[in-house]
There are 4 protein chains.
Amino acid sequence: MNGLGPAAGDQLRTIVERIEHVEEEIRELTEAKKEIYVEAKSNGFDVKILREVVSLRKQDEKERDEHENLLDAYLHALSKPAAAAKAA
Amino acid sequence: MNGLGPAAGDQLRTIVERIEHVEEEIRELTEAKKEIYVEAKSNGFDVKILREVVSLRKQDEKERDEHENLLDAYLHALSKPAAAAKAA
Amino acid sequence: MNGLGPAAGDQLRTIVERIEHVEEEIRELTEAKKEIYVEAKSNGFDVKILREVVSLRKQDEKERDEHENLLDAYLHALSKPAAAAKAA
Amino acid sequence: MNGLGPAAGDQLRTIVERIEHVEEEIRELTEAKKEIYVEAKSNGFDVKILREVVSLRKQDEKERDEHENLLDAYLHALSKPAAAAKAA
DNA sequence: CACTGGAAAATGCCGC
DNA sequence: GCGGCATTTTCCAGTG
């Protein structure tokens, strides 16, 4: 016995194919992204700076989220009756 | 002067938006992929092995052989008692 | 009242300091480990394979066999044309 | 030929042993850390809160660092003559 | 084409 | 003992 049921082969094939399909789409989009950068470059943009801008916008967002999380964590810890208050 | 033409701002905005859109699609597909694995798991498949299967199908035979040869060489070198591991 | 005794603050401080101290030691060792790999690499070793060797030595034979059997079962199920993959 | 020099076996063994030694030390420290938490718990502390405290102290530090980094990044991007300023 | 940093995956730990 | 979470490890795109 191997832990697989009777019709496992078919199911397995379906699953693997679905995964491979999704991965193929991801690869295509990654390629598309690369091409956008190439096109931008050919229009005179500095690719490095461009990446930096995109990255900063992501980080800004993340920063904002983390702030909220941190705040929540503190509030949560403080709402606990005991040890948290001592620690503050 | 900065080396960019007059409507560079608009162009820049468009570019950044296109990139962010593509990245969003990639995120969604990555999420979809994760869900396929979760679903597979709930159907009794071993996710780790499943990933290994998908990964193996990506490598062509030659690469696989090369990898195994290299790994064998290391293991063999390790099993030798002393400095007898000549580069055969 | 919070369920902690009077000198809980001191105790807490001590505990937190001990934990942070241990974590610092772990960080240092992790760093040392990284350096060993870097050194090995600069001596011409393939780091990826090296990691694989170390990892293989961790698994005992039994686990390795079980893993291979399971992997074989999956690959076998995949190679079958239809739903013939009975749980043997 | 396999990419390994003549005395590779000895060198390899030494490297692997050093790595395994460091990993053993890390395991011991990780164990020690776990025991500190167990001990704390037996002294009436809430382990979950304790972890939260340790983690918050780490995050606080990181947050401060990241703030500086983010600020630096912006300043850096702005000091670039062209595209960055448009993006601001 | 080797290095680096950031994303994805594996592992280990905790509470149910 | 299983699923979710945090930590660690591995992988890969991007850069010089």
Side-chain angles (χ1 to χ4, degrees), chain A residues 19 22-23 26-38 40-41 46-56 58-59 61-62 66 69 73, chain B residues 19 22-24 26-42 44 46-55 58-59 63 67, chain C residues 19 22-23 26-27 29-31 33-38 40-56 58-59 63 67, chain D residues 19 22-23 26-27 29-31 33-38 40-41 46-56 58-59 62 66 69 73:
Chain A
I19 292 167
V22 171
E23 291 190 339
I26 290 175
R27 234 170 289 123
E28 279 162 21
L29 285 169
T30 302
E31 185 56 29
K33 186 175 145 190
K34 219 179 297 178
E35 277 164 31
I36 298 176
Y37 277 111
V38 169
K41 179 179 207 166
D46 180 322
V47 171
K48 197 179 172 227
I49 303 272
L50 207 44
R51 284 185 197 281
E52 208 168 345
V53 168
V54 172
S55 152
L56 284 174
K58 253 199 293 241
Q59 276 184 249
E61 217 173 305
K62 222 178 251 175
E66 273 174 25
N69 288 342
Chain B
I19 291 167
V22 171
E23 291 188 339
E24 176 58 20
I26 291 175
R27 251 189 304 282
E28 279 162 21
L29 285 168
T30 302
E31 185 58 28
K33 186 175 145 189
K34 217 179 298 178
E35 276 164 32
I36 297 175
Y37 277 112
V38 168
E39 181 195 328
K41 175 184 215 165
S42 79
D46 180 318
V47 170
K48 201 189 167 202
I49 302 284
L50 208 43
R51 285 184 196 281
E52 203 168 345
V53 168
V54 171
S55 155
K58 265 191 277 218
Q59 316 173 15
E63 277 174 359
H67 177 263
Chain C
I19 291 168
V22 171
E23 290 189 339
I26 291 175
R27 251 188 304 283
L29 285 168
T30 301
E31 185 58 28
K33 187 175 145 189
K34 218 180 294 177
E35 278 165 31
I36 297 176
Y37 277 112
V38 169
K41 176 183 218 164
S42 79
N43 284 335
F45 290 96
D46 180 318
V47 170
K48 199 182 170 211
I49 302 284
L50 207 45
R51 285 184 197 280
E52 203 168 346
V53 168
V54 171
S55 154
L56 281 174
K58 267 191 273 215
Q59 316 173 15
E63 277 174 0
H67 177 264
Chain D
I19 292 167
V22 171
E23 290 190 338
I26 291 175
R27 234 170 289 122
L29 285 169
T30 302
E31 185 58 27
K33 185 174 146 190
K34 217 181 300 177
E35 277 164 30
I36 298 176
Y37 277 111
V38 168
K41 180 181 207 165
D46 180 322
V47 170
K48 195 173 172 236
I49 303 273
L50 208 44
R51 283 184 197 281
E52 208 168 345
V53 169
V54 171
S55 153
L56 285 174
K58 255 197 294 240
Q59 275 185 249
K62 221 178 251 174
E66 274 173 24
N69 288 341

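All figures in this text were calculated on a predicted structure; none of them were measured in a lab. Order of the sequence lines sets the chain letters (A, B, ...), proteins ahead of strands, with each chain counted from 1.
Lys41(B) has its NZ atom 11 Å from the P atom of dA10(E), to the nearest Å. Rounded to whole Å, atom P of dA7(E) lies 10 Å from atom CZ of Arg27(B). As a whole-Å value, the separation of Asp46(C) CG from dA2(E) C1' is 13 Å. Spacing between atom NZ of Lys48(C) and atom P of dA9(E) amounts to 15 Å, rounded to whole angstrom units.
Among the atoms of the strands shown, none is found under 4.0 Å from any heavy atom of Lys58(A).
Residue pairs meeting the salt bridge (Lys or Arg N to Asp or Glu O under 4.0 Å) criterion with at least one member in residues 30-39 of chain B, sequence neighbours excluded, are Arg18(A)-Glu39(B), Glu23(A)-Lys33(B), Glu31(B)-Lys34(B).
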All N/O donor-acceptor pairs, side-chain side in residues 48-55 of chain B, below 3.5 Å, sequence neighbours left out:
unit_1   : atom_1 : unit_2   : atom_2 : d
Glu52(B) : OE1    : His67(C) : NE2    : 3.0

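Taking a heavy-atom distance under 4.0 Å as the criterion, the stretch of DNA chain F touched by chain C extends 5' to 3' from dT9(F) to dC11(F).
Sorted by residue number, the members of residues 29-38 of chain B with any non-hydrogen atom under 4.0 Å from DNA chain E read Thr30(B), Lys33(B).
Closest of all the heavy-atom pairs between Val22(C) and Leu29(D) is CG1-O, 3.4 Å.
Checking Glu52(B) against Arg51(D), the closest nucleotide of DNA chain E that is more toward the 5' end is the one next to Glu52(B).
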